[in-house]
Amino acid sequence: MGNAATGCHWTFCQDLLNAGSIVYSGGVGKDISFETELQERFGCQIWLFDPSPTGRETMDDPRYHSPSLHFEPLGLAGTDGVIHLAPPSNAEEGSWFASHSTLSDVVSVPCEKLSTIMARNGHRTIDLLKLDIEGAEYEVLESVLSDRIPVDQICVEYHHGMLPGIKRSQTIRSVLRLLAFGYRLVDKFGNNHIFVHRRAL
């Protein structure tokens with residue numbers, strides 16, 4: 001589901017979603033075709049997070065002003081505080097990415113852990129978590145495991161080989177951690193990985 005041409009295309013287990021499902025989606029960018037198709041097919045509530053200028057501009061579009069699409073200009077991270085974003089290497093594609101640089105073109109934006117956001121929203125579980133957050137996925141997934149957040153399905157794009165400073169070994173470690181905590185890797189294409197927890201199967 002979603003737009004394969006832009007990379008916003010995901011495989012998932014549709015039997016695990018319904019109108020009462022809670023979906024958290026990190027990373028808006030210029031394309032929320034996956035999220036809008038989820039909402040149209042299942043009628044579920046979807047929370048979208050993206051603090052970047054690109055994401056904010058996308059969500060300003062009146063087409064995406066819907067009672068079931070909840071947008072927060074907030075970064076997902078492993079801690080509550082501030083995350084630093086560097087401007088897109090491809091201006092047309094538009095993805096800002098997590099950076100430790102102190103250059104003048106880096107912007108500082110607010111970020112929160114999933115557990116903090118869930119507590120504020122009154123959510124105890126997440127039925128589907130999508131992460132396309134340009135390098136911040138590693139710490140977010142680690143926080144999911146360390147905080148023992150019940151997430152049935154995880155769709156994540158790992159960014160080794162795509163962004164500076166991110167090694168393939170980080171992705172291998174993340175995958176092994178998820179497997180050790182009861183997740184199964186049910187699909188993979190390119191850097192997109194889809195995990196389903198064994199309790200949901």
Side-chain angles (χ1 to χ4, degrees), residues 1-29 31-50 68-69 76-78 95 97-98 113-115 117-118 121 123-163 166-201:
M1 187 176 290
N3 187 348
T6 61
C8 301
H9 185 263
W10 299 91
T11 301
F12 63 98
C13 184
Q14 64 178 358
D15 292 342
L16 299 179
L17 294 181
N18 55 52
S21 296
I22 300 297
V23 176
Y24 275 32
S25 177
V28 168
D31 188 341
I32 61 166
S33 56
F34 176 66
E35 291 82 0
T36 54
E37 287 187 39
L38 277 180
Q39 194 279 323
E40 290 168 4
R41 179 174 296 188
F42 300 102
C44 53
Q45 298 291 310
I46 302 174
W47 277 259
L48 301 103
F49 307 92
D50 192 329
S68 51
L69 293 176
L76 299 182
S95 293
F97 60 94
K113 298 175 64 174
L114 277 175
S115 57
I117 299 169
M118 292 173 68
N121 290 334
H123 297 149
R124 295 186 176 182
T125 63
I126 298 174
D127 295 284
L128 187 149
L129 172 65
K130 188 216 82 175
L131 297 174
D132 186 358
I133 51 178
E134 310 305 312
E137 63 272 11
Y138 301 96
E139 60 180 283
V140 172
L141 289 173
E142 188 58 37
S143 75
V144 168
L145 301 180
S146 61
D147 292 340
R148 299 192 176 276
I149 298 174
V151 181
D152 285 348
Q153 299 191 71
I154 297 174
C155 299
V156 55
E157 181 179 30
Y158 288 114
H159 285 82
H160 65 273
M162 302 171 68
L163 293 176
I166 299 180
K167 299 177 181 179
R168 186 169 180 268
S169 60
Q170 292 175 255
T171 296
I172 293 172
R173 180 180 184 278
S174 178
V175 170
L176 292 176
R177 288 277 290 160
L178 288 167
L179 296 178
F181 272 76
Y183 284 94
R184 295 183 182 178
L185 179 61
V186 297
D187 194 38
K188 175 185 179 298
F189 53 99
N191 281 37
N192 288 4
H193 295 63
I194 294 83
F195 299 89
V196 178
H197 200 278
R198 63 189 178 199
R199 66 172 169 268
L201 296 173

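Residues passing the side-chain hydrogen bond (donor to acceptor under 3.5 Å, both in side chains) test with Asn121, sequence neighbours excluded: Tyr24. In this structure Gln14 satisfies the side-chain hydrogen bond (donor to acceptor under 3.5 Å, both in side chains) test together with Arg41, sequence neighbours excluded. Contacts of Arg199 classified as side-chain hydrogen bond (donor to acceptor under 3.5 Å, both in side chains), with partners at least two apart in sequence or in another chain: Asp152, His197. Not a single side-chain hydrogen bond (donor to acceptor under 3.5 Å, both in side chains) links Gln153 to another residue, sequence neighbours left out. Gln45 pairs by the side-chain contact (heavy atoms from CB on, under 4.5 Å) definition with Trp47, Ser68, His70, not counting sequence neighbours.
In this structure, the separation between CG on Leu16 and CG on Leu128 is 9.0 Å, given to the nearest 0.5 Å. The CD1 atom of Ile133 sits 7.5 Å away from atom CG of Leu141, with the distance rounded to the nearest 0.5 Å. In this structure, OG on Ser25 lies 8.5 Å from CG on Leu129, to the nearest 0.5 angstrom. In this structure, the separation between CD on Glu134 and CG on Leu163 is 5.5 Å, given to the nearest 0.5 Å. Going from atom OG1 of Thr171 over to atom CD1 of Ile166 covers 7.5 Å, rounded to the nearest 0.5 Å.
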- prompt: Can you list the steps and then say if Phe12 with Val186 is a side chain to side chain contact (heavy atoms under 4.5 Å, CB included)?
  reply: CA-CA 9 Å; Phe12 63 98; Val186 297; over 6 Å; no
- prompt: Does the side chain to side chain contact (heavy atoms under 4.5 Å, CB included) test come out yes or no for Asn192 and Cys155, once each step is laid out?
  reply: CA-CA 7 Å; Asn192 288 4; Cys155 299; over 6 Å; no
task: Test side chain to side chain contact (heavy atoms under 4.5 Å, CB included) on Glu40 and Leu38 and set out the steps.
output: CA-CA 6 Å; Glu40 290 168 4; Leu38 277 180; over 6 Å; no
task: Walk me through it: do Lys167 and His160 pass the test side chain to side chain contact (heavy atoms under 4.5 Å, CB included)?
output: CA-CA 5 Å; Lys167 299 177 181 179; His160 65 273; 5.9 Å; no
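Contact annotation: the side chain of His193 approaches that of Leu185 to within less than 4.5 Å [non-hydrogen atoms, C-beta and beyond]. Proximity of Ile46 to Phe34: side-chain heavy atoms (C-beta onward) are nowhere separated by under 4.5 Å. Proximity of Leu114 to Asp147: side-chain heavy atoms (C-beta onward) are nowhere separated by under 4.5 Å. The shortest side-chain heavy-atom distance between His159 and Asp132 falls under the 4.5 Å cut-off.
Judged by distance alone, the side chain of Lys130 and the main-chain N or O of Gly27 form a donor-acceptor pair under 3.5 Å. With Glu137 contributing its side chain and Gly135 its backbone, the two residues share a donor-acceptor pair below 3.5 Å. In this structure, the side chain of Asp31 engages the main chain of Ser33 through a donor-acceptor pair within 3.5 Å. Panel note: side chain Asp127, backbone Ile22; a donor-acceptor pair is recorded below 3.5 Å. Remark: side-chain polar atoms of Thr11 are not paired, donor with acceptor, to backbone N or O of Asp187 under 3.5 angstrom. Asp50 places a side-chain N or O within donor-acceptor distance of the main-chain N or O of Gly29, the cut-off being under 3.5 Å.
Residues Ala77 and Ser143 approach most closely at O-OG, 4.2 Å, considering heavy atoms. Contact record, Leu131 with Trp10: O-CH2, 4.4 Å, taken as the closest heavy-atom pair.
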Could you pull out all donor-acceptor pairs under 3.5 Å where a side-chain atom in residues 173-182 meets a protein atom, sequence neighbours excluded?
{"unit_1": "Ser174", "atom_1": "OG", "unit_2": "Tyr158", "atom_2": "OH", "d": "2.8"}
{"unit_1": "Arg177", "atom_1": "NE", "unit_2": "Glu142", "atom_2": "OE1", "d": "3.2"}
{"unit_1": "Arg177", "atom_1": "NH2", "unit_2": "Glu142", "atom_2": "OE2", "d": "2.4"}

